[in-house]
Amino acid sequence: MSTASIGVTLGVEEEYVLLDARNGLAVPSAAKVEAAAGLEATLGSGELDRELLQAQIEVATPVCRDLEQVAAHLTRLRRAVRRAAVRGGCVAAASGAAPLASGTVVPVTPTRRYKDMHTEAARLVDEQLICGMHVHVAVPSRCLGAGALARLRPWLAVLVALGANSPFWDAKDTGFASWRTVVFGRWPASGAPPFAPDAEQYEQRVQELLSTGVIPDRRQLYWQARLSEAYPTLEVRAPDVQITVDSAVTLAGLIRGLVVTGLDETRDGLLAPNPPAGVLTAAGWHAARHGISDVLVDPRSGKPAPATQVAEALYDHTVCALRQLGDHDQVAEGLHRILKEGTGADQQRAAARNGFPALMDLITKRTADEDPIHARQNG
């Protein structure tokens, strides 16, 4: 029996940046938003948390069986955060980077861990006004999870491109579709994870890093995908937070499809691809630079190919798993929409041409957009 056919659960975490509605600058209002969120009857315990800087907030869905549940929970969480932010005197923005705030020093959340990080890398921490989307997919064991991780590793740059949503920084267009990827790539353990086709080799790679003393603990393994230390999941962290629930659900579906495909290939004993680390670094940089507006490095050949073609190759690579999960039509529709309408970065740039208020409207008011499943059913 295929791994996909027995059902694989998933969960999604999203980070939002808190902005002053008048000028768009990041504001250290996380404590106020957290307190206001306590008045939200629709928020469950543990669904909202603080992040590294006091101008960020994070939400986490419960464990979900299907993409409809992911959509419903993200819609509910986004609406609750939006209301809490307003009561806390700010707005929550679904942007991979604070568009105007790189020169604004926002204090860290006052925990020992975050204070130590600031002591170690002050300027880098000050510039972590970036927000990602993390997708946890359940795996039966760390051994199978490591195998799936090795097999999805070449596709991470494609997820960066499709999920790009951070073109602006310090009131300027960076020229990158995902500036968050560049900023986050400054940490010593970031980007694509090392090749480790089984749990033993994965643990060896982790221990090698820890033994250097540069990485204080496993929580600072900021790879774009990793085995979770807290849950029996494979966690993919490559995309920026998405402007809309629909895009978030599409990427979550693709990621679950990648994990399930990797699990099945591991069970079947198929050889895991191991492209050179330098190729993956170059592919990831190019994806962060251009999103889907240029060629991408095709994981199958290591050569440049049109972005649409590479995105469709990702879908084809996962389609058997998507069909068994019942996600193929929904993911295909969502992927087509991204390729047609552009990524969040493309949409931010289009909005910015109409002025800063239009950009703010895009990344804040659509943070709590209508549940796309219900919207399509009622349309």
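Numbers for residues simply follow the sequence, beginning at 1. The model shown is predicted, which means the values in this text are computed figures rather than measured ones.
- Using modelled atom types and a 3.5 Å distance limit, the side chains of Q204 and E200 yield no donor-acceptor pair.
- Side-chain N or O atoms of T109 include one that pairs as donor or acceptor with a backbone N or O of E51 at under 3.5 Å.
- A donor and an acceptor atom, one from each side chain of T250 and R337, are nowhere located under 3.5 Å apart.
- With contacts defined as side-chain heavy-atom distances shorter than 4.5 Å, the pair P304/D298 does not qualify.
- Between V241 and E15 there is no side-chain heavy-atom pair separated by less than 4.5 Å.
- With contacts defined as side-chain heavy-atom distances shorter than 4.5 Å, the pair M360/L19 qualifies.
- Among residues two or more places apart in sequence or in another chain, the side chain to side chain donor-acceptor pair (under 3.5 Å) test is passed with D49 by none.
- The shortest distance between side-chain heavy atoms of Y16 and E58 does not fall below 4.5 Å.
- No side-chain heavy atom of N354 sits less than 4.5 Å from a side-chain heavy atom of L359.
- Remark: of the listed residues V236, L159, L234, L159 is the sole one forming a side chain to side chain contact (heavy atoms under 4.5 Å, CB included) with L258.
- Interatomic distance, R237 CZ to S190 OG, rounded to the nearest 0.5 Å: 10.5 Å.
- Between D264 and T261, the side chains place no donor N or O within less than 3.5 Å of an acceptor N or O (distance only, hydrogens not considered).
- Looking at R186 and Q128, their side chains never come closer than 4.5 Å, going by heavy atoms from C-beta outward.
- Using a 4.5 Å cut-off on side-chain heavy atoms (C-beta onward), V135 and V259 make no contact.
- Annotation: side chain of R226 is in contact with side chain of W223 (closest heavy-atom distance under 4.5 Å).
- Listed for the T244 side chain is a donor-acceptor partner under 3.5 Å among the backbone atoms of S247.
- There is no side-chain donor-acceptor pair under 3.5 Å between Q69 and D66.
- The closest side-chain donor-acceptor pair between T233 and H136 falls under 3.5 angstrom.
- Under the 30°/60° scheme for interplanar angles, the aromatic rings of H317 and W155 are found to lie parallel.
- Using bins of under 30°, 30° to 60° and over 60° for the plane-to-plane angle, the ring pair Y222/W187 lands in the perpendicular bin.
- Just one residue in the list Q242, Q348, R180 forms a side-chain hydrogen bond (donor to acceptor under 3.5 Å, both in side chains) with N165, and that residue is Q348.
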